[in-house]
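Down below is the structure, laid out as structure tokens.
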Protein chains: 2
Amino acid sequence: MRLIVARCEVRYSGRLTAVLPEALRLLMIKSDGSVMVHADTGGFKPQNWMTPPTVIEEEGEPPVRIVVRKRAGASEDRLDIVIAEVVSDVVHDMGEAAALEKDGVERDLQEELAAAPHWCGEGFRLVRREWPTDIGPVDLMCRDADDAWVAVEIKRVATIDAVEQLTRYLERIRLDPAMGACRGVLAAQAIKPQARVLAESRGIACVEVELAVLRGEREPDLTLFAA
Amino acid sequence: MRLIVARCEVRYSGRLTAVLPEALRLLMIKSDGSVMVHADTGGFKPQNWMTPPTVIEEEGEPPVRIVVRKRAGASEDRLDIVIAEVVSDVVHDMGEAAALEKDGVERDLQEELAAAPHWCGEGFRLVRREWPTDIGPVDLMCRDADDAWVAVEIKRVATIDAVEQLTRYLERIRLDPAMGACRGVLAAQAIKPQARVLAESRGIACVEVELAVLRGEREPDLTLFAA
DNA sequence: ACTTAGATTTCGCCG
DNA sequence: CGGCGAAGTCTAAGT
């Protein structure tokens, strides 16, 4: 990884055009070809960047200009860095860093709900995870206490888009006469108010679940008030 | 901006939990409180991070542990960095860097189409930008050559979601008896094939536009074949 | 190669 | 401060 602190001006052209006036910034060049231009503020996001694969050209010693190119379909993405002053320019060999291990993403929520579908509705039994339709798989297909079909869509945060998605699935599923009465349930750690309104207006039930509760790490909030 | 190159292990807990095993990485600490953990690969995205506002605690000299905290609603986001070896630790004062000036985003497309709505359909005249409905504003509301209402949704890249969004708007708009026959037009720099199919199956017209053409920087491709 | 859906999405605007 | 829509979204997975 190469870290250059320099006074520079940056121009991007590609999907849009953008200009950064001359200022002191960090240029981060990773060994995979990524190039990022960071200011000292602005949080997480670089002011400008290019994702791999890239071709990097450099002029001067110390560098006075760095051009990063990328083939993107018919046109070209191009990052043009003009350097007025180099304050620091160092290279660190970092080797391979192990990947991030995450826990708590949607997939984990789906696993827990598949193992205990009663959290989605009383008496629910799992028929199949990733039930296929011709426009994509439904997260869970269950039968309820009356043996009726229920399609469950799982999100970490459910927005109006999740309701649209489940609605599309239900349209397809109900084309099968045997499943013409299939219900829908939206299960999520958090459900946005407008998503809830739209869902209920379409007869789709909403259930908020907590991963920690599903895992039995603690009792439902209900117990906080039980004493 | 502080740049630390160090062998370290990182644990995040908050919206989810995540672990990074010990390896050589770059720790970037911005003066606005942002903290990012970058590996030498993986492109644009840090392996782990925390956005401002944060509280940063540090132990040891050189540092052996850095804890970054954030209040996020009821619970706490926490980034725990345990440092085994510091290879480099430097601070650069970068002052204020000017913001990025972008051109070519959806907003720009909307401005051009508002100024020349005939690109959306023959004889179109603009009635209002950001026409309000109870579920959000429609990009453009126009009248066509026959004085009929037309709602225009503008995207840079139109996917199936754009069709759903315009469909929701049309549902609401048509509740008004005076606009019961309001048509829909999807205008975008690029329209995905599946979005086009869904749109046309719902009677929504599709128009692909080019920003450069709208600005008159060059003639439509048509002229390429006119000679 | 293209499309779809997730993300600790982040970011910005507007109420 | 919360909700919603855009993003050069990026990225991984499936087809």
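In what follows, chains are A, B, ... by sequence order, proteins preceding strands, each numbered from 1.
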Next on the checklist: Roughly how many Å apart are D:dC10 and C:dG12, using the P atom of each and rounding to a whole number?
Outcome noted: 16 Å
Next on the checklist: Show me, range against range, the stems involving DNA chain D, built from at least 3 consecutive Watson-Crick or G-U pairs below 3.5 Å.
Outcome noted: C:1-7 with D:9-15, C:9-15 with D:1-7
Item to check | C1' gap between C:dA7 and D:dA7, integer Å | outcome: 13 Å
Item to check | Set of salt bridge (Lys or Arg N to Asp or Glu O under 4.0 Å) partners for A:Glu200, sequence neighbours left out | outcome: none
Checklist entry - Over how many whole Å does the gap from A:Gln110 atom CD to D:dA13 atom P extend? => result 15 Å
Next on the checklist: Can you pull out the residues from residues 183-204 of chain A that lie within a 4.0 Å heavy-atom distance of DNA chain D?
Outcome noted: A:Lys192, A:Pro193, A:Gln194
Item to check | Partner set under side chain to side chain contact (heavy atoms under 4.5 Å, CB included) for B:Arg7, not counting sequence neighbours | outcome: B:Glu22, B:Leu24, B:Ala84, B:Glu85
Next on the checklist: Run the side chain to side chain contact (heavy atoms under 4.5 Å, CB included) test against A:Glu58 and tell me which residues pass, sequence neighbours left out.
Outcome noted: A:Arg2, A:Pro63, A:Ile66
Show me the protein contacts with nucleotides 5-7 of chain C, counting only N or O atoms at under 3.5 Å.
unit_1	atom_1	unit_2	atom_2	d
C:dG6	OP1	A:Glu106	OE1	3.4
C:dG6	OP1	A:Glu106	OE2	3.4
C:dG6	OP1	A:Lys155	NZ	2.5
C:dG6	OP2	A:Lys155	NZ	2.6
C:dA7	OP1	A:Glu106	N	2.9

Checklist entry - Got a sec, which residues hit salt bridge (Lys or Arg N to Asp or Glu O under 4.0 Å) with B:Glu164, two or more places apart in sequence or on another chain? => result A:Arg168, B:Arg202
Checklist entry - What is the distance, rounded to the nearest whole Å, between atom CZ of B:Phe44 and atom P of C:dT8? => result 13 Å
Item to check | Any residue meeting ring-ring contact (aromatic ring centres under 6.0 Å, His included) with B:Phe44, in chain and number order, not counting sequence neighbours | outcome: A:Trp49
Checklist entry - After noting the C-alpha distance and the side-chain angles of B:Lys30 and A:His38, does the key distance pass the side-chain contact (heavy atoms from CB on, under 4.5 Å) rule? => result CA-CA 9 Å; B:Lys30 293 189 178 182; A:His38 274 278; 3.0 Å; yes
Checklist entry - Between atom CG in A:Asp77 and atom P in D:dA7, what is the gap in whole Å? => result 15 Å
Checklist entry - Who passes side chain to side chain contact (heavy atoms under 4.5 Å, CB included) against B:Pro53, sequence neighbours left out? => result B:Lys70
Next on the checklist: Whole angstroms only, please: what is the CD-C1' distance between A:Glu130 and D:dG14?
Outcome noted: 11 Å
Checklist entry - Just how far, in rounded Å, is P of C:dT4 from CG of A:Asp134? => result 13 Å
Next on the checklist: Taking any heavy-atom pair under 4.0 Å as a contact, classify B:Met50: base, sugar-phosphate, or nothing.
Outcome noted: nothing
Checklist entry - Does the pair A:Lys155/A:Glu153 count as a salt bridge with the N-to-O cut at 4.0 Å? => result yes
Next on the checklist: Please enumerate all residues that pass side chain to side chain contact (heavy atoms under 4.5 Å, CB included) together with B:Arg11, with sequence neighbours excluded.
Outcome noted: B:Glu9, B:Val19, B:Asp80
Checklist entry - Between atom CG in B:Asp108 and atom P in D:dA6, what is the gap in whole Å? => result 14 Å
Item to check | Test salt bridge (Lys or Arg N to Asp or Glu O under 4.0 Å) applied to B:Glu101 - qualifying residues, sequence neighbours left out | outcome: none
Next on the checklist: By a 5.5 angstrom centroid cut-off and a 30 degree plane limit, is there stacking between B:Tyr12 and C:dT8?
Outcome noted: yes
Going by atom type alone, with no hydrogens or angles, which donor-acceptor pairs under 3.5 Å involve a side-chain atom of residues 184-199 of chain A and a protein atom two or more places apart or on another chain?
unit_1	atom_1	unit_2	atom_2	d
A:Arg196	NH2	A:Glu208	OE2	3.3

Next on the checklist: Under 4.0 Å, heavy atoms only, any strand: does A:Leu100 hit a base, just the sugar-phosphate, or nothing?
Outcome noted: base
